[in-house]
Asker: 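I'd like to ask you about the structure that follows.
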Protein chains: 2
Amino acid sequence: MQTPSGTLEFDGQAYLDGRASDPAVLGWMEGTPPPPGKRVQFGVQPTLGFPQIRWSLCHMRELVPTVNVWRGDGGAREFPKALRTSDVEALRFQDMDGRARGWEESLHDTYTDGIVVLHRGRIVYERYLGILQPHLPHSCFSITKSYACTLAAALVHEGVLDETRTIPHWLPEMRGTAYGNATLRQVMDMQIGVKYSEAYADKSADIWAYSRAGSLLPRPAGYSGPGNFYEYLVTLQPEGAHGEAFAYKTVNTEVLCWVMKRATGVPFARMLSERLWSPLGCEQDAYITVDSIGVPMGGGGLSASLRDLARFGELMRRGGEWHGRQLLPQAVVDDVQRGSDPAKFAKAGYSLLAGYSYRSMWWVSHNELDAFEGRGIHGQRLYVAPGAEMVVARFGSHPVASSAANDPITLPQLLALGRMLKG
Amino acid sequence: MQTPSGTLEFDGQAYLDGRASDPAVLGWMEGTPPPPGKRVQFGVQPTLGFPQIRWSLCHMRELVPTVNVWRGDGGAREFPKALRTSDVEALRFQDMDGRARGWEESLHDTYTDGIVVLHRGRIVYERYLGILQPHLPHSCFSITKSYACTLAAALVHEGVLDETRTIPHWLPEMRGTAYGNATLRQVMDMQIGVKYSEAYADKSADIWAYSRAGSLLPRPAGYSGPGNFYEYLVTLQPEGAHGEAFAYKTVNTEVLCWVMKRATGVPFARMLSERLWSPLGCEQDAYITVDSIGVPMGGGGLSASLRDLARFGELMRRGGEWHGRQLLPQAVVDDVQRGSDPAKFAKAGYSLLAGYSYRSMWWVSHNELDAFEGRGIHGQRLYVAPGAEMVVARFGSHPVASSAANDPITLPQLLALGRMLKG
């Protein structure tokens, strides 16, 4: 691609490249006050527009209301370090377009804000770029889904939830919607026939109406649409059958979280705190964006520190066991790793994810590393590779929402990394 | 006063009493979703209205955007305990209206959410009521001012700020406003002649316009007023002379914080983290509400845990020294404790605060305990009593904003407590 120096091209459009869009270089929100051209303001500028998104994803709670995920009273349980910085940085691999790539370039070209690599539970590589710091929470976007559904799967294992029941068992409000005859398991695997579009590049996609309902996007003057997530969910109409194909739709996670809260009475933030943040010995509190009635955005609202994200991946790699305590049932982790039916996944048409399946809101590669992934828009990734005893947590602020924009570099990069660590 | 059972009367109006208004009893925000009558929603219900304020003050960040005050990487430094619960709870005293009071009743009748009492640096009493918990931040309201101005006084001591300079030295924008010829010290002691009313009971008082500018109150449709704190501050016009009388006006603290940020480049939240939260070994992160361009509300936006608030009081009681490290200059603490001119304070007409003065945004009692206080609306109090080697941190959610509504109980209560501990 012929693009001007300091830019990269995606879908025919040129963007400042990783170095040129560094938020520290651009000076977002610096100054007293920041000059108008350097402000990131909810309802004034598109806070998730590029390049200001490179600032926003480390500062979500300064833009919208949030609920805290408490790390608990205990101290942090720090990862041991066994750094292999030079080995990692010497890594070279071929991207999906056949181009040779070096490690450093691959970080910048995926607009990486931070990356930590664990091997056998030890930090072998850790790097922060832009304005991310080890203690700063960064948006996880849809990796939030993997947290939510893993907890849901644990509740199923414990008998608190029955995954064969249909949604109205817990939410009678959902009768007459697309979810009236959907089982909880179909929701957990996103095999739901619902009229709802998640095409981020399409300004009229339903994802934006959902975001406005949840107060994640500003509402136009005179807005009379749904006032919160639940009011939006009850409007969803069927389109096609359930259980036949994977179809990635964030609203499934909101329905799931609504079920979890209704069934247990425990708010999502408290469940994360009690079941994961506190017993994992997380280093920092996390937080979740909330709608106008305090409902956390289970489909994408979590912000966490990079190492704390890695802790969750490492817990999954260890089969749910954490220093002598089983925090998640081994059966739940095994089930995620087995994945679901790749044939149903294939119907969704992800050309870069050949052979994948989707299970309990994890993307299961079925590759040589047995890797499964939490994936969030704009470059968020939690890559758990039991076959290489490796976990990679990465935050990014890529100009393009869809993971398809960074997969051509990211997937070969992580595979090469796993192969190297496997030795 | 003849009021129905379960109510208390203030300024001729009856309110649910402390027990009847317990937010856990009333069930605010409980349910999935909470029923409309149990919701606390920014822009829909008055979130600081009573009795929903009893929920809101523990949940400010779920209502508005906030910035984090990081507790740092180190572990918490916990207070030793030397509980004297039964001694404290046996305390009886006479309130300012001449009525005999018991301890338990005094907690409920001041709508206390939590109180911790330190004597010689050890916790002798600790109690949580309503929905406050040890780890939950609660609004400090104007105790935020005492934090801000103590840091400002430290910057003056260090030579970073010159308190004899007038405000335009740092903020040329403030030429032509009330602050054009005001010195920093006059701002720090709130001896500013500025047309601005802080009468909370008056719906047209300037405090509400200030709050709307800072996004702490919803804006009416078509709002075209100031878009942030700074835009509001430059509209302030003179009214009377500076340096002649104490006049409590929150905008002074916003001007002060603007100066601190302009002069140092360090955001208030980071300064609090680096100079206090981290070296004090605070137990929890705190947070501050922010306006639409990320400016924290230095006049009242801080939420902190009760014990962390007590840590700040204890630091002041110890003359700024904290386990071998001087976190604040002794001279700054001594200067606060000496207070300023009670004659200038008397002009403000606080009938319940006879003999007080105001220095560096602390209320200095000049009483037998040499007590000085941070005071916030709706019952927030940090009472530092060197003469009794006592510090009391209290959070409340009183139906009436003005401290005058709880002072008739609080001041004799704390004095009696100090006398008992002094022995």
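Chain identifiers are assigned alphabetically (A, B, ...) following the order of the sequence lines, protein sequences preceding nucleic acid strands; residue numbering begins at 1 within each chain. Model, not experiment: these values are computed from the prediction.
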Asker: CG/D285(A) to OH/Y287(B) distance, rounded to the nearest 0.5 angstrom?
Answerer: 11.5 Å
Asker: Heavy-atom distance under 4.5 Å to chain B: side chain of E30(A), backbone, both or neither?
Answerer: neither
Asker: Highest number of heavy-atom pairs under 4.5 Å with chain B: which of N68(A), V67(A), V290(A), V295(A)?
Answerer: N68(A)
Asker: Any side-chain heavy-atom pair from Q284(A) and D73(B) closer than 4.5 angstrom?
Answerer: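 In contact.
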Asker: Measuring heavy-atom distances to chain B, does V64(A) have an atom under 4.5 Å in its side chain, in its backbone, in both, or in neither?
Answerer: backbone
Asker: Shortest non-hydrogen contact from P33(B) to I293(A)?
Answerer: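 Nearest pair, atom of P33(B) first, then I293(A): CB-CD1, 3.6 Å.
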Asker: Just checking heavy atoms, which of residues 257-276 of chain A are less than 4.5 Å from chain B?
Answerer: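 From residues 257-276 of chain A, the residues near chain B are W258(A), K261(A), R262(A).
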Asker: If I measure from the heavy atoms of chain B, does R39(A) come under 4.5 Å with its side chain, its backbone, both, or neither?
Answerer: side chain
Asker: Does any N or O in the side chain of Q41(B) come within less than 3.5 Å of the main-chain N or O of S292(A), such that one atom is a donor and the other an acceptor?
Answerer: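 Yes; at least one donor-acceptor contact below 3.5 Å.
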Asker: Is L136(B) close to W70(A) at the side-chain level, that is, under 4.5 Å between some pair of heavy atoms?
Answerer: no
